[in-house]
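Not measured: the values here are computed from a predicted model. All residue numbers in this chain count up from 1 along the given sequence.
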Amino acid sequence: MIALTRSMNAELEADGVRAIALCPGFVDTAMAQWSGIPPDEMIQPSDCAEIVRMCLRLSPHARIPQVIVERVGGRDGVD
């Protein structure tokens, strides 16, 4: 996903298109129920939504190519 985002930014920058890869760890959604992590220890969907809102407020002269969000106290993917 990050490589695709980089390619899109390189190819579409002249057209005013900016792509951002949002890479959250375990988010409290139905997709993450298998993880065994208690929901109250997961990243909240509202956290991801706030990151999207922040990115949308950027001026046309700024770009954040990727955002990595980790849960506090956890080692996502290495339990």
Side-chain angles (χ1 to χ4, degrees):
M1 188 55 61
I2 292 170
L4 174 63
T5 302
R6 286 181 180 150
S7 294
M8 288 175 61
N9 279 322
E11 292 179 23
L12 301 173
E13 183 178 278
D15 296 322
V17 175
R18 296 177 296 177
I20 300 171
L22 177 56
C23 307
F26 290 105
V27 178
D28 184 16
T29 64
M31 274 181 43
Q33 288 178 348
W34 63 269
S35 70
I37 300 169
D40 63 335
E41 293 181 15
M42 289 188 196
I43 297 165
Q44 297 303 300
S46 59
D47 295 326
C48 296
E50 184 57 36
I51 293 167
V52 171
R53 285 190 289 270
M54 184 242 351
C55 292
L56 290 172
R57 288 190 299 264
L58 290 173
S59 78
H61 307 291
R63 176 177 59 218
I64 301 171
Q66 64 185 342
V67 178
I68 300 170
V69 185
E70 298 176 340
R71 63 188 183 93
V72 174
R75 297 180 339 179
D76 289 340
V78 189
D79 286 337

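The two residues Ser35 and Ala32 make their nearest non-hydrogen contact at OG-O, 2.9 Å. A pairwise comparison of heavy atoms in Ala21 and Ile2 identifies CB-CG1, 4.2 Å as the closest pair. For the pair Val69 and Ile43, the tightest heavy-atom approach, listed with the atom from each and the gap, is O-CD1, 3.4 Å. Taking every heavy atom of both residues into account, Thr29 and Pro45 meet most closely at CG2-CG, 4.3 Å. When all heavy atoms of Glu41 and Arg71 are compared, the pair lying nearest together is O-CD, 3.5 Å.
Applying the salt bridge (Lys or Arg N to Asp or Glu O under 4.0 Å) definition to pairs two or more places apart or across chains, those involving residues 7-28 are Glu13-Arg63.
Hydrophobic clustering, with ILVMFWY side chains joined whenever heavy atoms are under 4.5 angstrom apart, keeps Met8 apart from Leu22. Cluster membership for Trp34 and Ile37, using ILVMFWY side-chain heavy atoms within less than 4.5 angstrom, is shared.
Rounded to the nearest 0.5 Å, atoms CD (Gln33) and CZ (Phe26) are 13.0 Å apart. Note: Asn9 CG to Ile64 CD1 = 11.5 Å, rounded to the nearest 0.5 Å.
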Taking distance alone, no hydrogens or angles, what donor-acceptor pairs closer than 3.5 Å link side-chain atoms of residues 47-59 to residues at least two apart or in another chain?
{"residue": "Asp47", "atom": "OD2", "partner": "Gln44", "partner atom": "N", "Å": "3.1"}
{"residue": "Glu50", "atom": "OE1", "partner": "Arg53", "partner atom": "NE", "Å": "3.2"}
{"residue": "Glu50", "atom": "OE1", "partner": "Arg53", "partner atom": "NH2", "Å": "2.9"}
{"residue": "Ser59", "atom": "OG", "partner": "His61", "partner atom": "N", "Å": "3.2"}

